[in-house]
Amino acid sequence: MRRQDRTDGPAAVADTAAGTTGARRRRPGAAALVALGITALSLLLVMCGFPSGGTTDGRNGGPEPHGTPRMPSGKPSPELGWGFTHTRYSADDGGAAARKRADRMLSARAIPQNQHIMGWGADNPEPAPGRYDFSALDSRIDLIRRTGGTPVITLCCAPDWMKGGERGRTDWSPEWLEKAPDPAYYDDFARLAGVVAKRYPDVRHFIVWNELKGFYDDDRRRWDAEAYTRLYNLVHAELKKVNKDNLVGGPYVVMDSEPPGETTNASDVKGPWGSLDQRALDAVRYWNENKTGADFVVVDGASYTREDALLPDEFRATDKFTAVSRWVREETGLPLWWAEWYVEPGDENDDRDGWSEPHRRAVHAAALIAMSKGGATTGFYWNPQKRTTSCAGCLWRGTAAGDGGSALPMMDLLSRYSRAFPPGSRFTKVDVAAGDRPNVRVLADDEAVLVVNVRNRAIAVEVDGRSFDLGPYGVRWLKR
């Protein structure tokens with residue numbers, strides 16, 4: 001996940017160091033080093049005790065249905081297509097005119113929208129046992145409802161008192177937010193998941209936890225898939241008890257990779273881009289063999305290696321997404337969701353703004369093609385929204401600015417791709433002139449063709465019987 005700095009209040013908490021990406025996100029044991037640098041901040045946040053808010057009645061929390069749910073017709077599908085995750089700031093932030101503009105933009109592009117229950121724009125949902133505060137989460141669900149998106153909830157993170165913290169206080173420091181619940185409180189977290197499901201009865205898709213945060217065993221140097229699966233099974237049972245049609249998935253593990261030639265933790269799932277970390281495969285396998293049930297399987301990851309290497313280059317590195325998708329589909333037999341994916345390594349602040357927007361859009365288009373070729377049918381772009389209108393990779397101009405709310409190039413790509421290649425698409429062969437094949441990535445079904453120029457120069461190509469020009473990193477759609 002993306003990391004962003006804290007602001008003044010807990011509702012603003014979103015992308016934290018609990019969710020940076022690539023090498024900085026998931027190098028086992030790195031948390032200890034990070035903790036040294038932010039201990040003082042952690043202590044200050046704990047001492048301050050951000051206002052927890054919340055009530056025990058239905059006005060601001062509890063299992064009573066919130067607002068006016070848009071109840072889905074028929075049974076929900078475990079395959080949703082391509083959407084995005086709300087992060088620290090979203091279209092419920094800012095002035096009325098910009099928010100209205102964003103509402104119109106999102107309504108015209110009704111795609112799946114995912115929101116976490118704590119952090120990334122949501123407050124602590126249960127600051128003390130039985131005392132709820134869903135005000136921020138209500139705002140996000142209202143946004144999804146009024147813009148026609150299919151709502152998805154990620155059940156992460158856990159209130160402080162479930163992981164050894166003080167009741168009624170919230171420590172928003174990164175290393176604390178990413179802690180998993182203590183095993184003694186697994187039942188309480190499952191109960192909270194049930195409360196969330198009752199409050200938003202129109203939400204039928206739930207992801208259990210996020211990136212196995214807090215489930216890495218430093219002593220054994222591997223994921224504690226056993227502990228996660230115990231939590232998952234309790235949450236799964238609670239959600240199905242609330243509504244048997246609720247759809248649940250996990251384990252949302254990061255599919256890290258090592259460069260070619262690296263043997264430590266390397267698996268047999270490999271290519272020119274590197275080899276997958278065997279520990280991630282083991283975690284997926286254990287969860288799959290020991291879960292009580294699942295409607296879909298969830299992973300995330302980056303096309304670059306743990307050390308931020310894009311091999312052999314940024315476009316061919318996306319072949320990793322195809323390899324991961326095929327392995328997970330074969331291993332589990334379940335519909336595959338990519339909860340996050342990344343193609344551009346972050347800098348020392350985990351910002352990804354070194355590429356031009358055409359470059360970024362082209363590589364993301366190649367990533368979408370690669371995931372689809374591997375059998376994935378659902379994915380959520382991690383929207384790096386900021387309050388300013390200048391935001392690399394954002395889906396829309398920030399609504400904190402008066403002229404914000406309009407779509408940006410990544411939104412056009414994501415929404416067009418979701419419309420053109422929905423779940424159930426049958427991909428077909430595309431004729432590409434022999435000399436043009438190294439220069440493009442293509443995907444097609446019976447109605448549409450997506451063509452991506454992988455070169456930073458203009459090219460002339462012949463694709464699907466048609467000749468045309470593509471600008472540097474150009475992306476073009478053809479009708480068949």
Side-chain angles (χ1 to χ4, degrees), residues 1 72 74-87 106 109-116 144 148-156 202-211 232 236 239 245-255 284 287-288 291 293-303 318 320-343 364-383 395 410-411 413-427 443 445 450:
M1 287 183 183
K75 287 194 172 185
S77 170
E79 300 175 293
L80 296 183
W82 304 89
F84 67 92
T85 292
H86 293 277
T87 55
L106 288 170
R109 300 165 170 84
I111 55 179
Q113 301 178 36
N114 175 42
Q115 173 63 47
H116 291 65
I144 297 171
T150 301
V152 176
I153 284 180
T154 295
L155 295 162
C156 184
D202 48 334
V203 179
R204 296 294 175 81
H205 299 84
F206 297 88
I207 302 173
V208 180
W209 209 243
N210 172 303
E211 292 187 331
Y232 172 89
H236 178 273
L239 293 172
D245 289 334
N246 283 339
L247 303 186
V248 188
Y252 199 157
V253 62
V254 184
M255 307 302 280
V284 172
W287 169 82
N288 185 53
K291 67 188 186 307
D295 300 288
F296 51 88
V297 58
V298 187
V299 298
D300 87 327
S303 56
T318 64
K320 171 184 173 179
F321 295 128
T322 302
V324 171
S325 298
R326 285 174 176 165
W327 183 89
V328 175
R329 291 279 293 126
E330 292 172 2
E331 183 71 23
T332 67
L334 293 168
L336 172 59
W337 291 23
W338 280 88
E340 308 170 42
W341 71 89
Y342 300 93
V343 299
H364 272 290
L368 288 165
I369 291 171
M371 288 184 280
S372 292
K373 285 184 174 180
T377 52
T378 304
F380 294 93
Y381 179 72
W382 191 265
N383 184 27
L395 295 179
M410 277 301 303
M411 173 59 84
L413 169 67
L414 187 66
S415 57
R416 179 70 182 268
Y417 192 92
S418 191
R419 292 195 310 272
F421 303 126
S425 295
R426 298 184 58 143
F427 300 116
L443 186 70
D445 61 10
L450 171 60

Could you go through the side chain to side chain contact (heavy atoms under 4.5 Å, CB included) check for E211 and D300 one step at a time? CA-CA 8 Å; E211 292 187 331; D300 87 327; 2.6 Å; yes
Trace of the side chain to side chain contact (heavy atoms under 4.5 Å, CB included) decision for M371 with V324: CA-CA 8 Å; M371 288 184 280; V324 171; over 6 Å; no
Verdict with supporting geometry, F421 and F427, side chain to side chain contact (heavy atoms under 4.5 Å, CB included): CA-CA 9 Å; F421 303 126; F427 300 116; 3.7 Å; yes
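Remark: of the listed residues F84, Y381, W82, Y381 is the sole one forming a ring pair (Phe, Tyr, Trp, His ring centres under 6.0 Å) with H364. Each of E330, R329, E331 was scored for a side chain to side chain contact (heavy atoms under 4.5 Å, CB included) with W327, with one residue passing: E331.
The main-chain N or O of D245 is never found under 3.5 Å from a side-chain atom of K75 such that the two would form a donor-acceptor pair. Using modelled atom types, no side-chain atom of T154 and backbone atom of I207 make a donor-acceptor pair closer than 3.5 Å.
A donor atom on one side chain and an acceptor atom on the other are not found under 3.5 Å apart for W287 and T332.
Taking the six-membered ring for Trp, H116 and W382 have ring centres closer than 6.0 Å. Note: F380 and W337 meet the aromatic proximity criterion, with ring centroids under 6.0 Å apart.
Minimum interatomic distance between S325 and W338 (heavy atoms only, all atoms of both residues): OG-NE1, 3.0 Å. Between A339 and V298, the closest heavy-atom pair is CB-CG1, 3.6 Å. When all heavy atoms of N114 and I153 are compared, the closest pair comes out as OD1-C, 3.8 Å. When every heavy atom of H205 is checked against every heavy atom of L80, the shortest pair comes out as NE2-CD2, 3.4 Å. A pairwise comparison of heavy atoms in L443 and S372 identifies CD2-CB, 4.2 Å as the closest pair. What you find for N246 and D295 is that their closest heavy atoms are O-OD2, 3.8 Å.
For the atom pair CG of L368 and CG of L413, the computed distance is 5.5 Å after rounding to the nearest 0.5 Å. Rounded to the nearest 0.5 angstrom, R326 CZ and K373 NZ are separated by 8.5 Å. For the atom pair CG of D202 and CD1 of I144, the computed distance is 9.5 Å after rounding to the nearest 0.5 Å.
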